[in-house]
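Just below is one structure, and these are the notes that go with it.
Letters A, B, ... mirror the listed sequences (proteins, then strands); counts begin at 1. Basis for what follows: all heavy atoms, side chains included, without hydrogens, waters or symmetry-related copies. Computed from a prediction, not measured in an experiment: that's the story for all the values here.
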There are 4 protein chains.
Amino acid sequence: MNTRTAKKRQAGNNGSGRRAELLALAARLFADRGYVSTTVRDIADAAGILSGSLYHHFDSKESMADEILRGFLDGLFDTYAQIVAADLGPRNTLEAVVAASFRFIRDHPAEVAIYQNEAKHLAHLERFAYIDERNVEFRNLWRKILTDGVRQGVFREDLDVELVYRFIRDTVWVAVRWYNPAGTLSADDVAQQYLGILLDGIATRRRRTKKTGETHG
Amino acid sequence: MNTRTAKKRQAGNNGSGRRAELLALAARLFADRGYVSTTVRDIADAAGILSGSLYHHFDSKESMADEILRGFLDGLFDTYAQIVAADLGPRNTLEAVVAASFRFIRDHPAEVAIYQNEAKHLAHLERFAYIDERNVEFRNLWRKILTDGVRQGVFREDLDVELVYRFIRDTVWVAVRWYNPAGTLSADDVAQQYLGILLDGIATRRRRTKKTGETHG
Amino acid sequence: MNTRTAKKRQAGNNGSGRRAELLALAARLFADRGYVSTTVRDIADAAGILSGSLYHHFDSKESMADEILRGFLDGLFDTYAQIVAADLGPRNTLEAVVAASFRFIRDHPAEVAIYQNEAKHLAHLERFAYIDERNVEFRNLWRKILTDGVRQGVFREDLDVELVYRFIRDTVWVAVRWYNPAGTLSADDVAQQYLGILLDGIATRRRRTKKTGETHG
Amino acid sequence: MNTRTAKKRQAGNNGSGRRAELLALAARLFADRGYVSTTVRDIADAAGILSGSLYHHFDSKESMADEILRGFLDGLFDTYAQIVAADLGPRNTLEAVVAASFRFIRDHPAEVAIYQNEAKHLAHLERFAYIDERNVEFRNLWRKILTDGVRQGVFREDLDVELVYRFIRDTVWVAVRWYNPAGTLSADDVAQQYLGILLDGIATRRRRTKKTGETHG
DNA sequence: AATGAATGAGCCTTCATTCAT
DNA sequence: CATGAATGAAGGCTCATTCAT
């Protein structure tokens, strides 16, 4: 059913413009209130139309989330892939990927928030199977950077790569909860600060820190 | 309304036990499916009773979340306060607080998950105003540790304390999403790994890393 | 079921005293909030016990209303019957019945209110069939007084007896909504005022009022 | 919420018609079964739709009662105000107001019944505060008629105006419980009968009735 | 494209009642 | 007599979705 709408979706999300507007509206609401708590009428109200009218543009609320997430993940993967393809070496690659991620937070905060907060639940639905697939891709990509770095002696060899990957991934993406593009720190500032900590730690450098710290005053 | 039940609750969660059971059940479901997506029937089903019967123990679904979150935040704050009171110096305090947090994730995963995923939305409700109050307390506590450390030369002086606080807070708590108590890594293992990275970074130590890294191969 | 309780009820409502207390409590609540809007727990709360415990005394909420209404109607009928038996003549009988009614309002405001507000709905239930029976008795009683009065020339012969009966009945009983025993007017005061109006009207007595009043300044 | 619907309501009950239909249905049910005992499903069933569909037209069950009562009280007040404005003198004004009231009973029996039976309870809710305000207005209006009449010597000077006002008000409105528009008596017949009694009393006119009646045979 | 009316399923909650202790 | 836990039915309301106009 809904042949016309379906056709348009097939045709790519350029066209109408109205589509993109509605999607952006929905994304912001999903991000702010949560996917389940956002009603179709909330979206329609924001667009100044009646809830039923939304179904001229989208098959369902789920489709909206789908389109939003798919677009976000595709864009993110493209970016990551380009960085990796540049072959900058583990350290620079890591820095570039982190910086790119913070820029994504700056440019697509709603999408990132949805990815952070809703992906886990949505991934259970068949149509969102690609979420887990993308997660696997991203994990591999990250682990390769880290593993290469360790092998090349750029990163410490005592690292638990899986753990480091998770820490980085989480820290970066959760920043969407507080990062404010209008604030004093640019996305690149934040990235630099984070990379500073990640690479060199917050401790001062008198001597190498032992596994279990002895008492310092 | 529900004066009788309320009275009992006030009196402490002595006796019943059933209360605690139900609360634990609810917490797990809230954590797994999200607060809004968890129906009262889900909880009742899990407890083997009818949904209406839950209201013999609790005033509302909201009260359950309230009780869960309140208990969690009180417990967490007590723990933090004890550590701070021990006056171990910034570095050891930081290590102790991080370790304690991972132990909370191990021991109260559902509560932590609810705090992570639902607190933001619930905090809008008047009855959950204490969430924001606690957040302020925690922020002050963390910032003091970091600020003291910088002043004492234990932590680098070029740190943006607010940013570091956020990175730590987020990284630690988001770990609830993947930390598995039944896995090979103990909570303390994870804490040590994280502290290792946080304090000393992941980079190897040939030379001090510059602010803006030139190309290292 | 509930043999013991049933036995006690059979035995007459003297005994316990607790029974009467509870019934009085229930009556007041039924009167104030309405029968449907009064919950069994409201009554139990007022009595300082748990709602389930009420069922030691009464079979059901309906039984309480039943007992209250039955008692009220029996008492009222006894009173009316005694007045009629005194054979005072239509006018004095009418005055006595009106006065007795206002005294009932003073002494049993809750019961009267329940009769006024709930009887209509309860009467549909089989167990409350006696309500309509009583209403018929009362109607006959009232109509006889009026008819006798007309026949004896004490009351105007152009009266529509049925209508007069309804006007009197309604006006008297609805007074339960506003009559305040603690106020300045005694029940007998109110009765006298009403009888004054009912018997002689509120118009001044220049001349007999015509059926359709011409214009008076 | 339900902004759209609300907007339409504001705009006047033009167009829809459906709204008015549903409201009339609801009014009849509220009147017959009582407000609390009438379920939203009852109303929907009567309208041949599902209960949820009612919420396309109204915000809540309460709103329906609100709209019904508000409309009724506004209409009634307009009518009374016009009569008062005609300045017919106390007696004719009283007659006109009584007659108008019985016509309201004839034309809007459901609304009157709701006013009689439910207003007291609803008035406790903030949104129904206007009920008490209207009651005050009506009371003033009635008392003025009576007071003027007494001052002009048209009504007896020994009247307790407040009491007379209450008797009239109650007698008139309670008639909604039994008045049947399809019966032999027209609303104006009933009004005339009642006015006959109210003005001149039911007693025959040999002599002025004394305060306390001596024995007549 | 959009409206407006409706569906149908489900949600949170209430409440009279039961019953083992 | 009373408690405390539970039942089962129902109630008001929400919401994604459909569809004729």
Side-chain angles (χ1 to χ4, degrees), chain A residues 1-2 4-5 16 18 36-44 47-64, chain B residues 1-2 4-5 8 15-16 18-19 22 36-44 47-62 64, chain C residues 1-2 4-5 8 16 18 36-44 47-64, chain D residues 1-2 4-5 8 15-16 18-19 22 36-44 47-64:
Chain A
M1 67 191 76
N2 222 335
R4 280 227 307 277
T5 314
S16 65
R18 185 71 171 138
V36 270
S37 295
T38 302
T39 73
V40 168
R41 223 177 74 185
D42 287 339
I43 304 170
I49 58 178
L50 287 180
S51 69
S53 306
L54 267 183
Y55 288 80
H56 270 281
H57 303 277
F58 304 96
D59 282 341
S60 65
K61 181 181 169 183
E62 221 177 86
S63 313
M64 294 187 231
Chain B
M1 63 188 76
N2 222 335
R4 208 157 295 277
T5 315
K8 193 187 318 154
S16 64
R18 187 69 170 135
R19 243 191 120 57
L22 295 172
V36 269
S37 296
T38 302
T39 74
V40 168
R41 268 178 189 86
D42 288 339
I43 303 170
I49 59 179
L50 289 179
S51 73
S53 306
L54 271 181
Y55 290 79
H56 188 62
H57 304 276
F58 305 95
D59 280 341
S60 64
K61 181 180 167 183
E62 219 177 88
M64 295 188 226
Chain C
M1 65 190 77
N2 221 336
R4 282 226 307 279
T5 314
K8 191 183 316 154
S16 64
R18 185 72 171 138
V36 269
S37 295
T38 301
T39 73
V40 168
R41 223 177 73 185
D42 287 339
I43 304 170
I49 58 179
L50 288 180
S51 69
S53 307
L54 267 182
Y55 289 78
H56 271 281
H57 304 276
F58 305 95
D59 283 341
S60 66
K61 181 181 168 184
E62 220 177 87
S63 313
M64 294 188 230
Chain D
M1 63 190 76
N2 221 337
R4 211 156 294 276
T5 315
K8 192 185 320 151
S16 65
R18 187 70 171 134
R19 245 191 118 59
L22 294 171
V36 269
S37 296
T38 302
T39 75
V40 167
R41 274 176 185 84
D42 287 340
I43 303 171
I49 59 179
L50 289 178
S51 74
S53 306
L54 270 181
Y55 289 80
H56 186 63
H57 303 276
F58 305 95
D59 281 341
S60 64
K61 180 181 167 183
E62 218 177 88
S63 316
M64 295 189 227

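- Judged by distance alone, with hydrogens and angles left aside, Arg18(B) brings no side-chain donor or acceptor close enough to the base of dG4(F) to form a pair under 3.5 Å.
- Across all strands shown, nothing is found opposite dA1(E) as a Watson-Crick or G-U wobble partner with both distances under 3.5 Å.
- Rounding to the nearest 0.5 Å places OH of Tyr55(B) at 13.0 Å from CG of Leu50(B).
- The distance from atom CG of Leu54(C) to atom C1' of dA2(F) is 11 Å, rounded to the nearest whole Å.
- If you check every strand for non-hydrogen atoms under 4.0 Å, Ser37(D) touches nothing.
- Distance check, rounded to the nearest 0.5 Å: CZ of Arg41(A) to OG of Ser51(A) gives 7.0 Å.
- Each of Gly48(D) and Asp42(B) was matched to the nucleotide of DNA chain E holding its nearest heavy atom; the match closer to the 5' end belongs to Gly48(D).
- Checking dT17(F), dT3(F), dT17(E) against every side-chain atom of Ser53(C), the shortest atom distance belongs to dT3(F).
- Rounded to whole angstrom, the span from the CG atom of Asp59(B) across to the P atom of dC15(E) amounts to 13 Å.
- Map Gly52(A) and Arg41(D) each onto its nearest nucleotide of DNA chain E; the residue landing nearer the 5' end is Gly52(A).
- Between the NE2 atom of His57(A) and the C1' atom of dA2(E) there is a distance of 8 Å, rounded to whole Å.
- Rounded to whole angstrom, the span from the CZ atom of Phe58(D) across to the P atom of dG12(F) amounts to 15 Å.
- Base pairing annotation: dA20(E) forms a Watson-Crick or G-U wobble pair with dT3(F), both donor-acceptor distances under 3.5 Å.
- Counting non-hydrogen atoms under 4.0 angstrom, Thr39(A) reaches the backbone sugars and phosphates but no base.
- Glu62(A) places its CD atom 12 Å from the P atom of dA16(F), with the value rounded to the nearest Å.
- Heavy atoms of Ile49(B) sit under 4.0 angstrom from primed sugar atoms or phosphate atoms, though from no base atom.
- For the pair Leu50(B) CG and dT13(E) C1', the interatomic distance rounds to 14 Å; values are reported in whole Å.
- In terms of modelled atom types and a separation under 3.5 Å, the side chain of Arg19(D) and the main chain of His57(D) share a donor-acceptor contact.
- Straight-line distance from the OH atom of Tyr55(A) to the P atom of dA16(F): 6 Å, rounded to whole Å.
- Close to dA16(F), at under 4.0 Å from its OP1 or OP2, lies no side-chain N or O of Ser60(A).
- Across Leu54(B), Asp59(B), Leu22(B), a single residue satisfies side-chain contact (heavy atoms from CB on, under 4.5 Å) together with Met64(B), and that is Leu54(B).
- dG4(E) atom C1' lies 13 Å from atom CG of Leu22(D), rounded to whole Å.
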side-chain contact (heavy atoms from CB on, under 4.5 Å) evaluation trace for Arg18(B) with Ile49(B): CA-CA 12 Å; Arg18(B) 187 69 170 135; Ile49(B) 59 179; 3.6 Å; yes
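- When each of dG4(E), dT7(E), dC13(F) is scored by its nearest atom to the side-chain atoms of His56(D), the top-ranked nucleotide is dG4(E).
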